[in-house]
Amino acid sequence: MSDTRKIFGTDGVRGKANEPPMTVEMAMAIGQGVAAMLQHHHSRPKIIIGKDTRLSGYMFENALVAGIVSMGVDVHLVGPLPTPAIAFLTQDMRSSAGIVISASHNPFYDNGIKIFGPDGYKLPDEIELEIESNALACLNGNGHHMPRPTETGLGKASRLDDAPGRFIVFLKKAFPAGQTLDGMRIAVDCAHGATYKVAPTVLSELGAKLKLIGVSPDGVNINDGVGSLHPEGVQEMVRSGQAEIGLAFDGDGDRLIMVDEKGELVDGDHIMAICANHMLNQGTLVQGAVVATVMSNLGLELCMRERGIKLLRTKVGDRYVVEAMRAGGYNLGGEQSGHLLYLDHSTTGDGILSALMVLTVMVSTGQPLHELKSIMTQMPQVLINLRVKDKKPISEVPALAKAMKAQEERLGENGRILVRYSGTEPLLRIMVEALDPDLMHDVAGELKAVVQKELGA
């Protein structure tokens, strides 16, 4: 990620609504910046804008529209829809770009803006930097070199009323022809977010009987005690016998956490294990490999190794998972958090699609979710956060590098160490996983002592 970025992070712009950088002025400038970039690269561009259910979505939607049409570019508004729907619609409708107004799993008072290219993927760094440069110029009153059409040159804004229907049809087509969810009782938590209409429609039209949570958004209740960060509601529904399994999405619909028939959580690592094994058996797992991040549990790695599946690891962030998948031509990847990628179907993480992929395995094998999940044993894990004076590269701390090497040898193939700095705080994070919990805690303690001596605040 370029150090020259001032607005964009690894997942667009995000912050507290009405405070920098998430101000109306910035949103309008970003709209102008995107439109100016498109005018430079496309003839007669058009943009799709979607959002989640946050109160601040209205003001950012209108600000983006004002900026875009002022540059002579047309806009289609689709209202509240999951992030993956915007990626799909951008590609499906041959739009020049798609913009999502959402802060995903954050509280309602935050919001964000992220942009997809015409292929439905997040924009390359150089294009984001061009947009950022344009936006800052507009914000500072220096955008005179950009197009400012008048009269009939202005852009138009219109509502795309059939957008939800298009996405629902796309999702249903991802479920195998001839198969249904007839009679399956599913608890669904939509986090009072962007999936609140689409997810129940898709699942019920496939035949499932639903118990719903988090489908009454009021602008401020998104992610509030509900959704993938708080799956207790669907767990309780399953445990009380109201449902056989549970699905919990996050605010913008790109993550999924599942609950099996015993009320136990099924996270992104378990979902990758289930799908990878099924795809391997079906002959559809490209190159026999899965892409995950360094945070995925060692249990996933051992499960994959037992089945002859390669596990490739990337830095934390779905952006890096997608980059590795596209570079290597892989078709399955994701994060422990439930952000999963099936590039045969979608260009970005999609919670509803992920649910359909696992439900496909359940229906086609006849196995319940708890049984499917049992192919992977989650390794015990300990995580220690230590405050440090400065974030000196670990390779420049010989005592720590030596200690890590020695402890890795102690663990062998049945354990794993991950030592990394926080991206936002003066913290060093030590993560240790091992089959033997006593050994795990001993290794973590040894490393903690070295860090405190060499880097401690």
Side-chain angles (χ1 to χ4, degrees), residues 1-3 5 9-11 14-16 104-107 110 228-230 255 257 265 267-270 291-305 311-321 324 334-339 376-457:
M1 195 56 57
S2 171
D3 291 332
R5 289 168 177 265
T10 56
D11 199 24
R14 193 176 292 187
K16 192 169 186 179
S104 189
H105 53 279
N106 286 30
D110 287 343
S228 60
L229 291 179
H230 305 280
R255 292 190 193 192
I257 294 294
L265 295 180
D267 66 13
D269 285 345
H270 282 107
V291 180
T293 75
V294 292
M295 293 305 292
S296 274
N297 192 272
L298 178 61
L300 175 63
E301 194 167 315
L302 296 179
C303 173
M304 296 296 93
R305 191 184 301 161
L311 184 75
L312 292 84
R313 290 187 184 267
T314 72
K315 291 191 290 185
V316 177
D318 66 283
R319 181 188 190 98
Y320 303 112
V321 176
E335 297 183 280
Q336 189 181 55
S337 63
H339 196 285
M376 176 191 145
T377 302
Q378 196 154 21
M379 284 281 187
Q381 181 188 94
V382 62
L383 180 64
I384 301 172
N385 292 318
L386 296 172
R387 194 161 290 277
V388 294
K389 289 175 188 169
D390 67 293
K391 297 180 181 178
K392 186 184 291 186
I394 291 165
S395 60
E396 294 177 18
V397 187
L400 179 56
K402 183 180 177 183
M404 287 171 61
K405 188 171 186 295
Q407 298 303 331
E408 282 168 349
E409 287 173 0
R410 279 182 75 190
L411 292 172
E413 289 195 346
N414 292 321
R416 186 170 74 100
I417 294 168
L418 177 64
V419 178
R420 69 185 187 100
Y421 289 108
S422 163
T424 56
E425 300 173 89
L427 297 174
L428 184 76
R429 306 193 196 281
I430 299 171
M431 186 187 80
V432 182
E433 295 171 339
L435 272 174
D436 181 344
D438 292 334
L439 176 60
M440 174 187 74
H441 285 290
D442 190 48
V443 167
E446 296 271 351
L447 292 173
K448 176 182 176 181
V450 175
V451 171
Q452 287 175 324
K453 181 182 177 184
E454 300 292 328
L455 294 168

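In terms of heavy atoms, G334 sits closest to V321 at N-CG1, 3.7 Å. Scanning both residues, P380 and L435, for their nearest heavy atoms gives CG-O, 4.3 Å. Closest non-hydrogen pair, S337 versus I257, comes out as O-CD1, 3.6 Å. Nearest heavy atom pair, residue I430 against residue V451, reads CD1-CG2, 3.9 Å. Heavy-atom minimum distance, D390 versus Y421: O-OH, 4.2 Å. What you find for M295 and L418 is that their closest heavy atoms are SD-CD2, 3.6 Å.
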Would you please test M440 and M379 for side-chain contact (heavy atoms from CB on, under 4.5 Å) and show each step?
CA-CA 10 Å; M440 174 187 74; M379 284 281 187; over 6 Å; no
Please report the C-alpha distance between R313 and T293 in whole Å, then the side-chain angles of each, then the deciding distance to 0.1 Å, and finally whether the side-chain contact (heavy atoms from CB on, under 4.5 Å) criterion is met.
CA-CA 5 Å; R313 290 187 184 267; T293 75; 5.9 Å; no
Test Q407 against V432 for side-chain contact (heavy atoms from CB on, under 4.5 Å), laying out the working first.
CA-CA 10 Å; Q407 298 303 331; V432 182; over 6 Å; no
side-chain contact (heavy atoms from CB on, under 4.5 Å) between R305 and E413: does it pass, once the steps are laid out?
CA-CA 11 Å; R305 191 184 301 161; E413 289 195 346; 3.4 Å; yes
In sequence, state the C-alpha distance, the side-chain angles, and the governing distance for E454 and K392, and then conclude on salt bridge (Lys or Arg N to Asp or Glu O under 4.0 Å).
CA-CA 10 Å; E454 300 292 328; K392 186 184 291 186; over 6 Å; no
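Counting heavy atoms from C-beta on, the side chains of V382 and M431 never come closer than 4.5 Å.
In this structure, the side chain of D269 does not engage the main chain of S296 through any donor-acceptor pair within 3.5 Å.
One finds the CG atom of L298 at 7.5 Å from the CG atom of N414 (value rounded to the nearest 0.5 Å). For the atom pair NZ (K391) and CZ (R420), the distance works out to 10.0 Å, reported to the nearest 0.5 Å. Summarising the geometry, atom NE2 belonging to H441 is positioned 14.0 Å from atom CD belonging to E446; distances are rounded to the nearest 0.5 Å. Rounding to the nearest 0.5 Å gives a distance of 5.0 Å between CD1 of I417 and CG of L411. Atom CG in D442 sits 9.5 Å away from atom CG in D436 (nearest 0.5 Å). The distance from the CG atom of L447 to the CD1 atom of I384 is 8.0 Å, given to the nearest 0.5 Å.
Salt bridge status for E335 with R255: absent, with no side-chain N to carboxylate O gap under 4.0 Å.
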